[in-house]
Amino acid sequence: MNTSEEKRKLFQKFSEENEDLLPFSLRYSWWNEVVGKSWDLTLISNENQVSAVWPYHIRKRGPWNLIVQPHFTPYSGVFMIYPEGSKASTKISFENKVCEELINQLPDFDELKQNFHLDFKNALPFVWEGFEDIKRYTYLLDLNPEKEIIYENFRANIRKQIQKAEKQIELKEATDSSNLKLAFEGSFQSQNIASPIDDKEIFQRIFDYVSKYKCGQVLEAFDADGNLHAAALFIWDKQQAYYLIGGSVATYKNSGAMSLLMWHGIQLAKEKGLNQFNFEGSSIKAIEKYLRGFGGELHSFSCIFKNNSKTLNLARKVKR
């Protein structure tokens, strides 16, 4: 059995060898530099050649050990490299075997809940082991049509917001993460909800990451008086661009600045020759409606879930 340090070195090697295939949030560098701590992984290797990895984040809540999604890490889960020349039935057999082995390597946990990446399709091995496959959704925008066609496919009110903002808003590239954090937290303040992010340094870690690897950009929206209206962070890998973090300052939430930022993020992704823009969809009805307005297609992905603790369930019922 490999030690944690050995597994991380193998994960790093695997990530470097398969960088073009891996979503950004499944790369070793992301887990090492952004997630940072409280993470481990299961993997399958033969003579230091890795065929599958599954990084996971561990969070302690009272006496309970939870395996959960790290902040601002949209997808994780099992990623595998298939044997060359595999037929469809052989691939499924390989998936079943790999997932079973990785599940068996997991540490003891009270609850596991992870969003698996969009290319993961076979949740049967998890269902057989008592996990649930909960469907979640995102919108993917095809970037192959001409820019004018993409824009015309936006809902009319989105186009009006963009046109309104273009008359009074200036976009600037950020030099640090402070305004991004301010705008993100402002979106929750406007709803009288506390920000769900308890790691206040993560905004700067992500900013430093996209700057270091030249794989993203933070844009800020200001009016003529220098007031911040909104900010957004876009990140990309070899296949997609993602709207990862964003928000509007409560005072200016109706200025259209957020829609203007989205439009610039989409144009940036298209200029880079990427195939898709991922809006990181939300299950919150109002947010889903807003994101749907940009013309993307609805796609589902698996959230794998399992609870092993009756006391955790009881504690949640009492808290309610």
Side-chain angles (χ1 to χ4, degrees), residues 21-26 68-79 92 95 113-124 126-127 131-162 184 187-188 191 196 216 230 232-248 253 256 258-305:
L21 301 176
L22 287 166
F24 79 89
S25 58
L26 266 167
V68 296
Q69 207 68 20
H71 294 317
F72 300 124
T73 300
Y75 309 109
S76 50
V78 175
F79 191 94
I92 293 174
E95 291 168 353
K113 192 173 188 179
Q114 270 201 324
N115 295 335
F116 278 37
H117 59 93
L118 296 179
D119 289 333
F120 178 85
K121 304 299 182 185
N122 181 10
L124 281 174
F126 289 89
V127 174
F131 291 79
E132 294 180 52
D133 178 15
I134 302 169
K135 290 304 177 189
R136 289 190 168 173
Y137 299 89
T138 186
Y139 282 98
L140 300 181
L141 179 66
D142 181 7
L143 296 176
N144 290 301
E146 294 298 323
K147 183 174 70 173
E148 293 75 16
I149 295 175
I150 293 174
Y151 182 79
E152 286 303 315
N153 283 332
F154 293 172
R155 191 190 295 125
N157 70 313
I158 297 288
R159 296 199 304 270
K160 287 180 181 178
Q161 290 170 10
I162 293 170
F184 176 83
S187 291
F188 290 92
Q191 303 173 63
L233 184 148
F234 305 99
I235 190 169
W236 50 81
D237 49 40
K238 297 295 183 179
Q239 307 300 324
Q240 293 185 351
Y242 307 75
Y243 164 54
L244 190 65
I245 309 172
S248 300
K253 65 180 182 180
M258 196 66 231
S259 295
L260 182 62
L261 285 169
M262 284 289 204
W263 175 221
H264 275 260
I266 291 166
Q267 292 179 84
L268 179 63
K270 184 169 177 59
E271 289 165 5
K272 292 189 169 296
L274 299 171
N275 294 318
Q276 292 178 319
F277 186 93
N278 191 328
F279 288 92
E280 286 312 316
S282 174
S283 58
I284 300 173
K285 193 171 184 179
I287 298 176
E288 181 277 335
K289 180 180 179 181
Y290 173 70
L291 296 178
R292 179 166 24 106
F294 288 90
E297 290 189 5
L298 189 66
H299 286 256
S300 64
F301 60 92
S302 292
C303 175
I304 301 299
F305 174 80

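Residue numbers count from 1 along this sequence. We use all heavy atoms of the structure for the numbers below, so side chains are in, but hydrogens, waters and symmetry mates are not.
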**Message:** Given 3.5 Å as the limit, does a donor-acceptor pair link the side chain of K147 with the main chain of E271, or not?
**Reply:**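 Absent.
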**Request:** Ignoring hydrogens and angles, tell me if any N or O in the side chain of K270 forms a donor-acceptor pair with the backbone of L143 under 3.5 Å.
**Result:**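 Yes: the side chain of K270 pairs with the backbone of L143.
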**Message:** Ring centres under 6.0 Å, that's the criterion: do F126 and F116 meet it?
**Reply:**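 When the ring centroids of F126 and F116 are compared, they turn out to be within the sub-6.0 Å range.
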**Prompt:** Does the ring centre of F294 sit less than 6.0 Å away from the ring centre of F279?
**Reply:**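 Yes, ring centres under 6.0 Å apart.
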Once you round to the nearest 0.5 Å, how far does [atom1] of [X] lie from [atom2] of [Y]?
{"X": "C303", "Y": "K113", "atom1": "SG", "atom2": "NZ", "result": "5.5 Å"}
{"X": "K238", "Y": "L22", "atom1": "NZ", "atom2": "CG", "result": "12.0 Å"}
{"X": "N144", "Y": "L274", "atom1": "CG", "atom2": "CG", "result": "10.5 Å"}
{"X": "E95", "Y": "K121", "atom1": "CD", "atom2": "NZ", "result": "11.0 Å"}
{"X": "Y139", "Y": "H299", "atom1": "OH", "atom2": "NE2", "result": "10.5 Å"}

**Request:** Can you establish whether the number of heavy atoms outside E148 located under 6.0 Å from its atom CD is more than 12?
**Result:**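 More than 12 within 6.0 Å, yes.
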**Message:** Between F72 and L233, is the side chain to side chain contact (heavy atoms under 4.5 Å, CB included) condition met? List the steps.
**Reply:** CA-CA 11 Å; F72 300 124; L233 184 148; over 6 Å; no
**Request:** Could you give me the CA-CA distance, side-chain angles and deciding distance for F154 and M262, then say whether side chain to side chain contact (heavy atoms under 4.5 Å, CB included) is met?
**Result:** CA-CA 11 Å; F154 293 172; M262 284 289 204; over 6 Å; no
**Prompt:** Can you check side chain to side chain contact (heavy atoms under 4.5 Å, CB included) on Y75 and F120, steps first, answer last?
**Reply:** CA-CA 10 Å; Y75 309 109; F120 178 85; over 6 Å; no
Test of understanding: with side-chain contact (heavy atoms from CB on, under 4.5 Å), list the residues that count as partners of [X], not counting sequence neighbours.
{"X": "E132", "value": "I134, F305"}
{"X": "D119", "value": "H117"}
{"X": "Q240", "value": "L118, L140, D237, Y242, Q276, N278"}
{"X": "N153", "value": "I149"}

List the atom of [X], the atom of [Y], and the distance in Å for their closest heavy-atom pair.
{"X": "S259", "Y": "I158", "value": "OG-CD1, 4.1 Å"}
{"X": "G246", "Y": "F184", "value": "O-CD1, 3.6 Å"}
{"X": "A232", "Y": "L261", "value": "N-CD1, 4.0 Å"}
{"X": "L291", "Y": "E280", "value": "CD1-O, 4.1 Å"}
{"X": "G77", "Y": "L26", "value": "O-CD2, 3.7 Å"}
{"X": "S76", "Y": "Q114", "value": "OG-NE2, 3.2 Å"}

**Item:** F24 vs L244 side-chain heavy atoms within contact, under 4.5 Å
**Value:**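 Yes, at least one pair of side-chain atoms sits under 4.5 Å.
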**Prompt:** Can you find a heavy atom in the side chain of E152 that is under 4.5 Å from one in the side chain of R159?
**Reply:**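 Yes - at least one pair of side-chain heavy atoms lies under 4.5 Å apart.
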**Set of residues satisfying salt bridge (Lys or Arg N to Asp or Glu O under 4.0 Å) with respect to E288, sequence neighbours excluded** =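 Partners of E288 by the salt bridge (Lys or Arg N to Asp or Glu O under 4.0 Å) criterion, ordered by chain and then number, come out as R292.
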**Request:** Quick one: list whatever passes salt bridge (Lys or Arg N to Asp or Glu O under 4.0 Å) with K135, sequence neighbours left out.
**Result:**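 Residues passing salt bridge (Lys or Arg N to Asp or Glu O under 4.0 Å) with K135: D133.
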**Request:** Could you walk me through whether F277 and Y243 pass side chain to side chain contact (heavy atoms under 4.5 Å, CB included), step by step?
**Result:** CA-CA 8 Å; F277 186 93; Y243 164 54; 3.9 Å; yes
